[in-house]
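Below is one structure, written out as structure tokens, with a few remarks after it.
Letters go in sequence order (proteins before strands), and every chain restarts at 1.
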There are 2 protein chains.
Amino acid sequence: MVERIELTDEQMDRIFHALSQSTRRDMLRRTLEGERSVSELAREYDMSFAAVHKHVSVLERAELVVKRVAGRERRIRANPDMIARTRTLLAQYEAMWRARIARLDELLAEEPNPSDSNAPA
Amino acid sequence: MVERIELTDEQMDRIFHALSQSTRRDMLRRTLEGERSVSELAREYDMSFAAVHKHVSVLERAELVVKRVAGRERRIRANPDMIARTRTLLAQYEAMWRARIARLDELLAEEPNPSDSNAPA
DNA sequence: ATAACGTATAACCAAATGGTTGAACGAATC
DNA sequence: GATTCGTTCAACCATTTGGTTATACGTTAT
């Protein structure tokens with residue numbers, strides 16, 4: 001049973017772009033360990049609050065994290081579903097590879113007597 | 001048995017960056033289906049040869065494809081190992097999530113008689 | 001040898017990215 | 001009410017990215 005994943009090209013662009021910098025991967029890891037506010041997160045990096053805010057926005061647009069309003073805070077937590085879907089996407093690429101290998105094996109395994117009339121026997 | 005993957009931050013940067021554009025994901029898919037030269041690949045896109053060459057270079061630096069010299073041609077094929085390693089990396093993120101959930105469950109399952117002296121009974 | 005082909009690379013340009021500071025605004029606290 | 005805190009956003013800047021055209025160079029074919 002193959003899971004169908006629904007991700008548009010634009011979503012994949014945003015996801016992979018969001019993951020393409022170690023700072024954002026680190027933020028994803030931290031918010032995976034536990035929810036925190038934007039300013040709590042910002043204190044963990046040697047970077048302006050605005051810069052951290054921008055990184056969070058990139059992760060948010062990719063739907064890798066979600067934001068929850070709590071008073072004056074915005075609390076951020078990772079969205080493991082999106083990570084799972086991305087992993088599944090890569091698994092599909094690998095499946096294409098395996099399918100190709102399977103086709104090649106099939107061709108090699110075929111007896112050398114194809115249906116055209118110059119069969120050796 | 002958890003597979004250990006060895007990818008530096010810079011490698012991950014390059015991999016996710018390479019995957020962050022649908023043109024390059026498409027190139028990866030095509031070279032996964034079958035090896036082809038750079039100019040063969042270039043003919044499949046509405047883009048200059050130089051532009052395709054640059055995209056291939058991005059995929060190559062990420063080690064998502066490998067290049068093989070064949071006469072005057074450079075033949076490109078996908079490197080499914082790198083895709084697998086990236087998938088495994090994402091699986092590790094998910095594992096962190098599950099570990100956190102497990103810890104929470106453990107806490108909730110704990111009987112409400114902690115070692116401090118204000119236990120209700 | 002010459003021409004054609006495949007590739008690499010340089011120079012250039014517009015747009016996006018990743019950082020900064022500063023201003024504005026609602027929510028919480030004094 | 002005034003202040004502080006958390007957030008958002010705009011303006012700015014340097015660098016990177018993704019495209020172009022043009023040039024150079026090795027390989028194959030005529």
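Qualifying side chain to side chain donor-acceptor pair (under 3.5 Å) partners for B/Arg87, counting only residues two or more places apart in sequence or in other chains: A/Glu94. A/Arg14 pairs by the salt bridge (charged side-chain N to carboxylate O under 4.0 Å, His left out) definition with nothing, not counting sequence neighbours. Take A/Arg100 and apply the salt bridge (charged side-chain N to carboxylate O under 4.0 Å, His left out) test, not counting sequence neighbours, and it matches no residue. B/Asp81 is linked by a salt bridge (charged side-chain N to carboxylate O under 4.0 Å, His left out) to B/Arg85, counting only residues two or more places apart in sequence or in another chain. By the side chain to side chain donor-acceptor pair (under 3.5 Å) test, B/Arg103 pairs with A/Glu33, sequence neighbours left out. Residues that satisfy the salt bridge (charged side-chain N to carboxylate O under 4.0 Å, His left out) test with A/Arg43, not counting sequence neighbours, are absent from this structure. A/Asp9 meets the side chain to side chain donor-acceptor pair (under 3.5 Å) test with no other residue; sequence neighbours excluded.
The backbone N or O of A/Leu19 lies less than 3.5 Å from a partner atom in the side chain of A/Arg25, making a donor-acceptor pair.
If you check residues 12-20 of chain B against DNA chain C, you find no residue with a heavy atom closer than 4.0 Å. Of the residues in residues 28-41 of chain A, those with a non-hydrogen atom less than 4.0 angstrom from any atom of DNA chain D are A/Ser37, A/Val38, A/Ser39. Residues of residues 62-74 of chain B that place a heavy atom closer than 4.0 Å to DNA chain C, in numerical order, are B/Lys67, B/Arg72, B/Glu73, B/Arg74.
Atoms CD1 (B/Ile76) and C1' (C/dG6) sit 12 Å apart, rounded to a whole Å. One interatomic measurement links the two molecules: CG of B/Asp26 to C1' of D/dG18, which rounds to 17 Å at whole-angstrom precision. Atom CZ in A/Arg75 sits roughly 13 Å away from atom P in D/dT8 (whole-Å rounding).
Within the 4.0 angstrom heavy-atom criterion, only backbone atoms of the sugar-phosphate kind lie near B/Arg43; the bases stay farther away.
Checking A/Val56, A/Leu64, A/Ile76 one by one against A/Thr31, the side chain to side chain contact (heavy atoms under 4.5 Å, CB included) holds for a single residue, A/Ile76.
A/Gln11 is not listed as a side-chain neighbour of A/Glu6, based on a closest heavy-atom distance of 4.5 Å or more. Here the side chains of A/Phe16 and A/Leu89 are in contact, with some heavy-atom distance below 4.5 Å.
Legend: salt bridge (charged side-chain N to carboxylate O under 4.0 Å, His left out) pairs involving residues 47-67 of chain B, not counting sequence neighbours, sorted by first then second residue: B/Glu60-B/Lys67.
Taking the ring centre of B/Tyr45 as origin, the terminal cationic atom of B/Arg30 falls inside the region bounded by 6.0 Å and 45° from the ring axis.
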Polar-atom pairs under 3.5 Å, protein N or O versus N or O of nucleotides 19-22 of chain C: list them with distances, or write none.
residue: C/dG19; atom: OP2; partner: A/His55; partner atom: NE2; Å: 2.1
residue: C/dG19; atom: N7; partner: A/Lys54; partner atom: NZ; Å: 3.0
residue: C/dG19; atom: O6; partner: A/Lys54; partner atom: NZ; Å: 2.3
residue: C/dT20; atom: OP1; partner: A/Ser48; partner atom: N; Å: 3.3
residue: C/dT20; atom: OP2; partner: A/Ser48; partner atom: N; Å: 3.0
residue: C/dT20; atom: OP2; partner: A/Ser48; partner atom: OG; Å: 2.5

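Residue-to-nucleotide proximity on DNA chain C shows that, of A/Val58 and B/His53, the 5′-proximal contact is made by B/His53.
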